[in-house]
Each structure stands twice: as structure tokens, then as C-alpha cells.
Amino acid sequence: MMDGLRELYQEVILDHGKRPRNLREIENTEHQAKGYNPLCGDRVTVFVVLKDGRIADVSFQGDGCAISTASASMMTETLKGKTIDEAEATFGKFHDLVTGKVPPGEGTEGLGKLAVFAGVQEFPIRVKCATLAWHTLRAALEKRPEAVSTE
Ligand code: ZN
């Protein structure tokens, strides 16, 4: 990856890490779950409101590193309005991207801004930071209130 591009990617992640979007609680939703990444100490709670099979609203609260916070922030921006199947498909692609299951520079189509997380491939220890919110989202959709752990 070119250095300029890498800097741009880092900027986007830092921006969302510092000024997370949809950082709020949604009250009275049965779709909420907590997640914990013991490796880094990241904690997140994800809230989802489903309406007619679509994610009408999604938000999070948490305390974590810049990568986990940015990932949660960008996840909420990306998934609003999507169906559960679309959200699952997006998570699948995102997971393949950050775990390096696709060749460098590939596997980003359909991911939009989430493509900035391609750089995580080079830091396997950060994969759990980047995917924590997504695993927690899945638990929230399935109404599994017990804490999700990445370990
Ligand atoms: Zn972390």
C-alpha cells in the first residue's frame, strides 16, 4: 500500500475513533448485547432497532481503543437501513478483509468506507479490536444478552 493511502486510512480511523458516530444508548430495545475483547480491554454495547426486517437504528456505547471505537462507529453508519441478511453479508466481507482472507487490495467492493480497515491485515492482534462490534451486533440481532468475548 502506498504511504499516502495508508495515511488517509489512518486519518479516517482516527477521526471515527475521536468523534464516534451513533455513540448513544437506545432505550427499550430487546436487541442489545455487550462485547468484550480481553486481549486489548475493549468493551462495547450495541443497540439495534429492527423494523420490517431492516435495521431502522443502530448505536453503540463503549470504552475501547481507536480501532475498536472507529470500527463500531463506521459499522453503525454502514448498517442503518440494511436488512439482517445484508448486514451478515457485510460482516462476512469485512471479516475476510481484516483477517487477510483476500489478496491485498482486493475484497473491498461493497464495503464503502469500511475498506479503510484493510490495513488491519498487517496487525493480527488488532483483528479482534476491529471485529468486536460486529460480533456484538450479531448477538444483539439474535437477542443474546450475555457478554460476547472475542476469546
Ligand atoms: Zn482494541
Side-chain angles (χ1 to χ4, degrees), residues 1-27 29 31-49 55 57-80 82 84 86-151:
M1 199 185 289
M2 289 183 303
D3 280 351
L5 199 53
R6 177 173 299 176
E7 276 166 28
L8 173 71
Y9 283 5
Q10 284 175 350
E11 245 172 63
V12 173
I13 289 174
L14 283 176
D15 174 46
H16 277 264
K18 276 186 200 149
R19 297 188 303 116
R21 322 305 198 256
N22 301 304
L23 181 70
R24 59 190 157 82
E25 185 182 354
I26 297 174
E27 285 175 21
T29 177
H31 292 285
Q32 56 177 283
K34 288 182 194 303
Y36 177 48
N37 171 19
L39 216 57
C40 180
D42 309 314
R43 291 181 187 277
V44 70
T45 306
V46 173
F47 305 89
V48 186
V49 177
I55 296 172
D57 197 8
V58 51
S59 70
F60 77 103
Q61 288 190 314
D63 182 16
C65 68
I67 298 266
S68 71
T69 303
S71 173
S73 170
M74 291 171 72
M75 177 187 81
T76 60
E77 278 200 331
T78 303
L79 295 186
K80 221 176 265 189
K82 285 199 176 0
I84 293 171
E86 287 166 347
E88 274 292 334
T90 305
F91 181 25
K93 278 190 197 171
F94 180 76
H95 198 269
D96 285 351
L97 182 71
V98 297
T99 53
K101 288 209 181 80
V102 290
E106 289 180 34
T108 55
E109 57 289 335
L111 283 179
K113 275 202 280 183
L114 292 171
V116 299
F117 285 94
V120 171
Q121 287 176 6
E122 295 166 48
F123 307 98
I125 201 165
R126 290 296 186 186
V127 169
K128 288 178 176 167
C129 303
T131 56
L132 176 65
W134 293 84
H135 287 294
T136 310
L137 170 95
R138 186 181 272 166
L141 289 173
E142 294 170 0
K143 296 191 210 169
R144 282 189 280 123
E146 71 275 18
V148 180
S149 175
T150 54
E151 288 304 294

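Read the numbers this way: they start at 1 and go in the same order the structure lists the ligands and their atoms.
With sequence neighbours excluded, the residues forming a side chain to side chain contact (heavy atoms under 4.5 Å, CB included) with R24 are N22, I26, D57, S59, K80, listed by chain and number.
A perpendicular orientation is assigned to the rings of F94 and F117, their planes being inclined by more than 60° (bins at 30° and 60°).
In this structure, the side chains of F60 and T69 come closer than 4.5 Å at one or more pairs of heavy atoms.
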Steps toward salt bridge (Lys or Arg N to Asp or Glu O under 4.0 Å) verdict (R126, D42):
CA-CA 11 Å; R126 290 296 186 186; D42 309 314; 5.7 Å; no
Let's go through K93 and E109 carefully: what are the C-alpha distance in whole Å and the side-chain angles of both, what is the deciding distance for salt bridge (Lys or Arg N to Asp or Glu O under 4.0 Å) to 0.1 Å, and is it a yes or a no?
CA-CA 9 Å; K93 278 190 197 171; E109 57 289 335; 5.7 Å; no
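Checked options D63, N37, L132, L137; the residue passing with V44 is L132 (criterion: side chain to side chain contact (heavy atoms under 4.5 Å, CB included)).
Neighbouring protein atoms of the Zn ion (ligand 1) (N, O or S, distance under 2.8 Å, waters ignored): C40 SG, D42 OD1, D42 OD2, C65 SG, C129 SG.
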